[in-house]
Amino acid sequence: MVCSLMDLRCKEVVNIQNGACLGCVCDVEFDTCTAHICTLIIFGRPRFFGLFGREPDLIIPWDQIKCIGEDTVLVENVACLLYTSDAAD
């Protein structure tokens, strides 16, 4: 299956351990030397309608992605997911 960046941004990310929806793919990081995707980034959810900033962003390493389907991206091992502190407070 061929997937463009715009197609990937419309997919929801689901944890396969508990079925929780983590959000939609907002951005990707890729290695410019090898042209491989390194991580998927999901922006944090807004706090109180965005007035109090948002929760930290969720960074999912590429090796934690198990399947990319038509509508969803399935990820495993939530304990390995990284959170950034770049979110506005």
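From Ile68, atom CD1 reaches atom SG of Cys3 across 6.0 Å, with rounding to the nearest 0.5 Å. The distance from atom NZ of Lys66 to atom CG of Asn15, rounded to the nearest 0.5 Å, is 12.0 Å. From Arg9, atom CZ reaches atom OG of Ser4 across 11.0 Å, with rounding to the nearest 0.5 Å. Distance CZ/Phe43 to CG/Asp57: 6.0 Å, rounded to 0.5 Å. Atom CD of residue Gln64 and atom CD1 of residue Ile16 lie 9.5 Å apart, to the nearest 0.5 angstrom. The structure places CG of Asp63 at 10.5 Å from SG of Cys38, a figure rounded to the nearest 0.5 Å.
No side-chain heavy atom of Leu58 sits less than 4.5 Å from a side-chain heavy atom of Ile41. With a 4.5 Å cut-off on side-chain heavy atoms, Val28 and Leu5 count as touching. Taking the side chain as every heavy atom from C-beta outward, Ile65 and Leu40 approach each other to under 4.5 Å. Side-chain atoms of Thr72 and Val13, non-hydrogen and from C-beta on, never get closer than 4.5 Å to each other.
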- Message: For a side-chain contact (heavy atoms from CB on, under 4.5 Å) check, start with the C-alpha distance between Val73 and Ile60, then their side-chain angles and the critical distance, and finish with the verdict.
- Response: CA-CA 11 Å; Val73 177; Ile60 302 169; over 6 Å; no

- Tell me, with the steps shown, if Leu22 and Val75 meet side-chain contact (heavy atoms from CB on, under 4.5 Å). CA-CA 10 Å; Leu22 303 175; Val75 297; 3.8 Å; yes

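A distance-only check finds a donor-acceptor pair linking the side chain of Lys11 to the backbone of Glu70 [under 3.5 Å].
For Glu12, the side-chain hydrogen bond (donor to acceptor under 3.5 Å, both in side chains) criterion is met by no residue, not counting sequence neighbours. Considering only residues two or more places apart in sequence or on other chains, Asp27 meets the side-chain hydrogen bond (donor to acceptor under 3.5 Å, both in side chains) condition with none of them.
The two residues Cys24 and Ile42 come nearest to each other via the heavy atoms O-CG2, 3.5 Å.
Criterion: ILVMFWY side-chain heavy atoms under 4.5 Å apart, direct or through other members. Under it, Trp62 and Val25 are part of a common hydrophobic cluster.
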